[in-house]
Amino acid sequence: MQKEISGIIIECVKGNIVDQPDMTAIVNAANAQLRPGGGVAGAIHRAAGPGLEEECRPLAPIEPGQAVITGGHNLPNKYVIHCLGPVYGVDKPEAELLASCYRQALMLAEKHGIDSIAFPSISTGFFRYPVQEAAEIAIKTVLSVIPELKQVKKIRFVLFSDSDLMIYETALSHLAGSAGPG
Ligand code: AR6
């Protein structure tokens with residue numbers, strides 16, 4: 001599914017975050033230490049190679065809601081933007097912290113002249129954020145940042161399961177109204 005809003009394409013696809021070769025940046029659902037870990041972070045570090053962990057070391061630790069940027073190393077993407085999502089029920093206020101991840105990632109993309117960025121569903125794996133709530137926050141935040149974007153032209157949500165894809169697509173169509181071809 002794809003929507004175009006103020007000249008910016010927002011889309012939801014099912015897939016693997018490390019298999020998005022047409023995107024300039026991908027976003028990592030990181031841990032505070034910016035170490036490999038599991039889930040998205042494990043997949044990104046495996047695909048990027050050890051140079052990514054080395055570049056990350058002096059940038060760690062990061063706080064919930066924070067984003068930092070590195071190169072993509074062996075990934076097909078020029079950049080990786082690492083976001084630390086909130087652990088549901090632990091890091092508060094969780095909705096604000098999750099929104100901050102998406103906002104800070106997009107602001108870093110702007111600053112680095114990035115035209116396309118792919119997000120995973122931050123915090124909804126090991127960090128246990130309910131996907132329905134997380135999807136609404138993710139889409140709402142992206143929509144609210146759109147008026148500030150000059151460099152970013154394409155924003156992709158990469159979902160790992162059919163059910164997550166459906167939840168993000170439903171949130172996008174509700175929150176973005178009837179804009180775009182759908
Ligand atoms: N591509 C796209 N989505 C994925 C992939 C992938 N390769 N792998 C998992 N997902 P998670 P979090 C989905 O746990 O909740 C790590 O250990 C997954 O199904 O990666 O923010 C870090 O080191 C879920 O829907 O991120 C941190 O300690 C979503 O991506 C911690 O987990 C996010 O799952 C971060 O936890």
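As the structure lists them, so they are numbered: ligands from 1, and atoms in each ligand from 1.
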When you measure from [atom] to every protein heavy atom, which one gives the shortest distance, and what is it?
atom	value
atom 36 (O) of ligand 1	Phe127 CG, 3.5 Å
atom 15 (O) of ligand 1	Gly125 N, 2.8 Å
atom 16 (C) of ligand 1	Gly38 O, 3.4 Å

Answer yes if the side chains of Glu55 and His73 hold a donor-acceptor pair under 3.5 Å, and no otherwise.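 Judged by distance alone, the side chains do pair up.
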Val18 near ligand 1 by a heavy-atom separation under 4.0 Å: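 Val18 does not count as a contact of ligand 1 under the 4.0 Å cut-off.
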For ligand 1, find out whether one of its N or O atoms is nearer than 3.5 Å to an N or O atom of [X].
X	answer
Ile17	yes
Ser121	no
Val40	yes
Asn16	yes
Phe126	yes

Looking only at non-hydrogen atoms, which of Gly85, Ala134, Ser123 approaches atom 21 (O) of ligand 1 most closely? Ser123
Among Tyr88, Phe160, Tyr129, the residue with a heavy atom nearest to atom 13 (C) of ligand 1 is Phe160
Between Tyr88 and Ser123, is a side-chain hydrogen bond (donor to acceptor under 3.5 Å, both in side chains) present by the stated rule, with each step listed? CA-CA 8 Å; Tyr88 194 72; Ser123 279; over 6 Å; no
Do [X] and [Y] make a side-chain contact, defined as non-hydrogen atoms from C-beta onward lying under 4.5 Å apart?
X	Y	value
Ile69	Ile114	yes
Tyr129	Glu94	yes
Ile10	Ile146	yes

Closest heavy-atom contact between Pro120 and Ala29?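 Closest heavy-atom pair between Pro120 and Ala29: CG-N, 4.2 Å.
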Give, for atom CD1 of Ile139 and atom CD1 of Ile167, the distance between the pair rounded to the nearest 0.5 Å.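 Ile139 atom CD1 to Ile167 atom CD1 measures 11.5 Å (nearest 0.5 Å).
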Lys14/Asp162 ion pair, N-O < 4.0 Å: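 A salt bridge is present here (some side-chain N lies under 4.0 Å from a carboxylate O).
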Per-residue contact class, Ala29 against ligand 1 - non-hydrogen pairs under 4.0 Å: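 Answer for Ala29: both.
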Within reach of ligand 1, part of Ala30 (heavy-atom separation under 4.0 Å): backbone
Pair Asp164, Ser121 - check side-chain hydrogen bond (donor to acceptor under 3.5 Å, both in side chains), show working. CA-CA 8 Å; Asp164 286 359; Ser121 179; 5.2 Å; no
